[in-house]
Amino acid sequence: MPEAPHLAVALVDAGWHPAAWREPDARPAELFTAGYWTDLVREAERGLLDLVTFEDSLAVQSTHRDRHDDRVDQVRGRLDAVLVAARVAPLTQHIGLVPTVVVPHTEPFHISKAIATLDFVSGGRAGVRVVATAWPHETAHVGRREFAEPFDAERFAETADYVDVVRRLWDSWEDDAEIRDVATGRFVDVDKLHYIDFEGRWFNVKGPSITPRPPQGQPVVAVLAHSTEPIRLAARTADVVFVTPRWTADIAPLLAEIRAEEAAAGRAEPLRVFADLVVFLGADRLARLNDVAGTEFTSDAAVFGGTASELADLVLEWHAAGVSGVRLRPGTLPHDLRAITGELVPELRRRNAFRSGYEESTLRGRLGLDRPANRYVTT
C-alpha cells in the first residue's frame, strides 16, 4: 500500500462545538469520569487512528480567548490532560496518547517525569503537546508569574528552553543504567546517570531525572503553530507540528516556511506535519448546532460539514498537497468520533489509503520517527 495519511483526533470536553454537550447522545454528566475518556480513546483505537490529543488549559473555558465570560450554557471545567492520559494508557494497547501541557506555569522537571511515566505505563505510546501562551486570566489563576504579552517572543524562547530541559532529563539515564542484579546487589549503575547541569535565563536544572529513560527514548513532542514564532519553536524542539490551513492552497506556503525554519535550526529529521480540521459528519448538523447555541461556530482551524466520502476526498487532497496527516477535531462527542471510525476510516480503507491493523508498537515508530541516541552516552 502506498504511504497513507496519518489520522489523529483532538479530544476536548463534549466536542469542539459549544452546544455539543446538549446533543442527545452526549454524556455531560460523565465529563469528569475516567470511563468517559476511556470510552472515547478506545473508540479511536478501534478505528486504528495514530494518536489522540487531550486539550488542556490553566484557565476555565471561555468564549473570549483573553478573559473570562459569564456564560452558563457551555461546558466549564476540565480534568488534567496528563492524568487523564495516564488513566487511559493501561486500558488501551496501540494508540498514541498526547496530552497538552501549558509551559509558562509548570516546571520542566515535573513534566519530564510525568510524560516519562506515561511512556512507561503505555508501553511507548506517549507524547506531549507544549503550549507557550500566557494569557492574563490564566496567569491570575496560577498566581506565580505575570507576563506583559501572552504571545511575545520571550514566551517561545522560554518554551524552547523548557523542552530542551525536558529532553535532557529524558536522556539523563542511559538505556542500560538499571542493572537489577540480585546476586551482586547492584540495581543501578550510577556512572550511567548524568547531571544535565542546564543553566539558562528561566531554568537552572541539575538533574538527573528520578525516572529512567522512557521506552521511546524521547516521547513525541508536538506544537500547534498558527504563525512564524510557533513554527520556529516546532522546528527547534518538536517532532510533530499541527497547522491550520483554511484551503488546500495554503498548504504549500506553510510547508515552505516549516522547511525553511527546519533548515535554519539545522535539524536532520523533518517534522511530521498534521493539518487540523473541525469535522461535523452528517447532513445539516452544523447548522442545527448553531441554532441551539444561538451563534455561528467559528474556529482557528478550517471547519468541515458533509459526508464521510467528502471528508475522505479532503483528507487525501491535503495529504497529496504534502501534509503527513490530518488531526480531526470532532464537533460533537461521541457522534463525530464514531462517524470518523465507522465511516471515514472504512472509506479510506476502500480507497487503499489507510491501515487494516496496527504494526508498530511505539508512537515514534508509527510516525516513522527514529528512536534517538542518548546524548550523554560517550561509548
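When a residue number appears, it is its place in the shown sequence, counting from 1.
- Within a 6.0 Å sphere centred on CZ of R366, other residues, nucleotides and ligands contribute more than 12 heavy atoms.
- How far OG1 of T307 is from CG of D313: 7.5 Å, rounded to the nearest 0.5 Å.
- Panel note: side chain S172, backbone S209; a donor-acceptor pair is recorded below 3.5 Å.
- Taking a cutoff of 4.0 Å between a charged side-chain nitrogen and a carboxylate oxygen, R327 and D50 do not qualify as a salt bridge.
- Nearest heavy-atom pair across P108 and V166 is O-CG2, 3.6 Å.
- A 4.5 Å side-chain heavy-atom check between V326 and P5 finds every atom pair outside the cut-off.
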Decide yes or no on side-chain hydrogen bond (donor to acceptor under 3.5 Å, both in side chains) for Q216 and D119, but give the supporting numbers first. CA-CA 7 Å; Q216 294 183 100; D119 208 40; 2.7 Å; yes
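- For F280 and F297, the distance between ring centers is under 6.0 angstrom.
- Between R371 and D175, at least one side-chain nitrogen of the basic residue sits less than 4.0 Å from a carboxylate oxygen of the acidic one, meeting the salt-bridge criterion.
- Ion pairing between D197 and K206 holds under the 4.0 Å rule for side-chain N and carboxylate O.
- No continuous path of ILVMFWY side-chain contacts below 4.5 Å connects V165 to Y195, so the two sit in separate hydrophobic clusters.
- A donor-acceptor pair is defined here as one N or O able to donate and one able to accept, closer than 3.5 Å; such a pair exists between the side chain of D181 and the backbone of A183.
- In terms of heavy-atom proximity, R272 sits nearest to G368 at NH2-O, 2.6 Å.
- D189 and R180 are not joined by a salt bridge, as no carboxylate oxygen comes within less than 4.0 angstrom of a charged side-chain nitrogen.
- Partners of E43 according to the salt bridge (Lys or Arg N to Asp or Glu O under 4.0 Å) rule, which considers only residues two or more places apart in sequence or in another chain, are R46.
- A salt bridge links E347 and R351; the closest N-O separation between the charged side-chain nitrogens and carboxylate oxygens is under 4.0 Å.
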Determine, stepwise, if the pair D73 / R71 fulfils salt bridge (Lys or Arg N to Asp or Glu O under 4.0 Å). CA-CA 6 Å; D73 62 336; R71 299 192 70 147; 2.8 Å; yes
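- The shortest heavy-atom contact between P230 and L224 is CB-O, 3.9 Å.
- Counting heavy atoms from C-beta outward, R259 and V273 have side chains that approach closer than 4.5 Å.
- Rounding to the nearest 0.5 Å places CG of D300 at 7.0 Å from CZ of R246.
- The pair R129-E55 meets the salt-bridge criterion, since a charged nitrogen lies less than 4.0 angstrom from a carboxylate oxygen.
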One pair to check against salt bridge (Lys or Arg N to Asp or Glu O under 4.0 Å): E23 and R288. What are the steps and the verdict? CA-CA 10 Å; E23 285 289 275; R288 179 177 56 77; 2.8 Å; yes
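- One hydrophobic cluster, built from ILVMFWY side chains closer than 4.5 Å, holds both Y358 and V52.
- Expressed to the nearest 0.5 Å, how far CG of L367 lies from NE2 of H6 amounts to 5.5 Å.
- The same ILVMFWY cluster, assembled from side-chain heavy atoms under 4.5 Å apart, contains both Y162 and I115.
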After noting the C-alpha distance and the side-chain angles of H194 and D171, does the key distance pass the side-chain hydrogen bond (donor to acceptor under 3.5 Å, both in side chains) rule? CA-CA 8 Å; H194 300 277; D171 277 350; over 6 Å; no
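- For the atom pair CG of L337 and CG of L11, the computed distance is 6.5 Å after rounding to the nearest 0.5 Å.
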Please assess V278 against F304 for the test side-chain contact (heavy atoms from CB on, under 4.5 Å), listing each intermediate value before the final yes or no. CA-CA 6 Å; V278 187; F304 170 89; over 6 Å; no
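- A salt bridge links K192 with D176; the closest basic N to acidic carboxylate O contact falls under 4.0 Å.
- In this structure, the separation between CG on L311 and CD on E317 is 11.5 Å, given to the nearest 0.5 Å.
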Given the rule in the side-chain contact (heavy atoms from CB on, under 4.5 Å) test, do D80 and D56 qualify, once you have shown the distances and angles that lead to the verdict? CA-CA 7 Å; D80 181 272; D56 207 348; 4.0 Å; yes
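- A339 pairs by the side-chain contact (heavy atoms from CB on, under 4.5 Å) definition with L281, E343, not counting sequence neighbours.
- Inter-residue side-chain proximity for L48 and R349 is flagged as met; some heavy-atom pair is nearer than 4.5 Å.
- Electrostatic pairing of R329 and D276 counts as a salt bridge here, judged by a charged N lying under 4.0 Å from a carboxylate O.
- For the pair D39 and R27, the salt-bridge criterion is met [side-chain N within less than 4.0 Å of a carboxylate O].
- Note on F274: it does not cluster hydrophobically with L344, by side-chain heavy-atom contacts below 4.5 Å among ILVMFWY residues.
- Between L348 and L7, the closest side-chain pair of non-hydrogen atoms falls below 4.5 Å.
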Checking side-chain hydrogen bond (donor to acceptor under 3.5 Å, both in side chains) for the pair S361/R125: CA distance, chi angles, key distance, verdict? CA-CA 8 Å; S361 61; R125 296 181 284 125; over 6 Å; no
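- Connection of V303 to L314 is not established within any shared hydrophobic cluster, with ILVMFWY side chains joined at heavy-atom distances below 4.5 Å, either directly or through further cluster members.
- The shortest heavy-atom contact between I95 and A44 is CD1-CB, 3.6 Å.
- Atom CZ of R87 sits in a sparse spot, with 12 or fewer heavy atoms from other residues, nucleotides or ligands closer than 6.0 Å.
- Put simply, the side chain of W318 reaches to within 4.5 Å of the side chain of T248, judged on heavy atoms.
- Here R186 contributes atom CZ and T184 contributes atom OG1; the two are 6.0 Å apart, rounded to the nearest 0.5 Å.
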One pair to check against salt bridge (Lys or Arg N to Asp or Glu O under 4.0 Å): R201 and E154. What are the steps and the verdict? CA-CA 10 Å; R201 179 177 173 186; E154 281 198 355; 2.7 Å; yes
Checking salt bridge (Lys or Arg N to Asp or Glu O under 4.0 Å) for the pair R232/E229: CA distance, chi angles, key distance, verdict? CA-CA 5 Å; R232 185 170 297 140; E229 284 291 350; 3.7 Å; yes
How far apart are the C-alpha atoms of S112 and W170, what are their side-chain angles, what is the distance that settles it, and do they pass the side-chain contact (heavy atoms from CB on, under 4.5 Å) test? CA-CA 7 Å; S112 73; W170 285 338; 4.0 Å; yes
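- Across T33 and L79, no two heavy atoms sit closer than the pair N-CD1, 4.3 Å.
- Contact between W173 and R213 at its shortest, heavy atoms only, is O-CB, 3.3 Å.
- Using a 4.5 Å heavy-atom threshold, the side chains of V221 and V240 count as separate.
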Under the side-chain contact (heavy atoms from CB on, under 4.5 Å) criterion, do V88 and R42 qualify, and how do the steps go? CA-CA 9 Å; V88 169; R42 281 176 165 169; over 6 Å; no
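- For the pair D164 and R168, the salt-bridge criterion is met [side-chain N within less than 4.0 Å of a carboxylate O].
- Side-chain contact between I231 and L254 is present, with heavy atoms from C-beta onward closer than 4.5 Å.
- The existence of a salt bridge linking R155 and E158 is confirmed by a sub-4.0 Å separation between a basic side-chain nitrogen and an acidic carboxylate oxygen.
- In this structure the side chain of H335 reaches within 4.5 angstrom of the side chain of R285, judged on heavy atoms.
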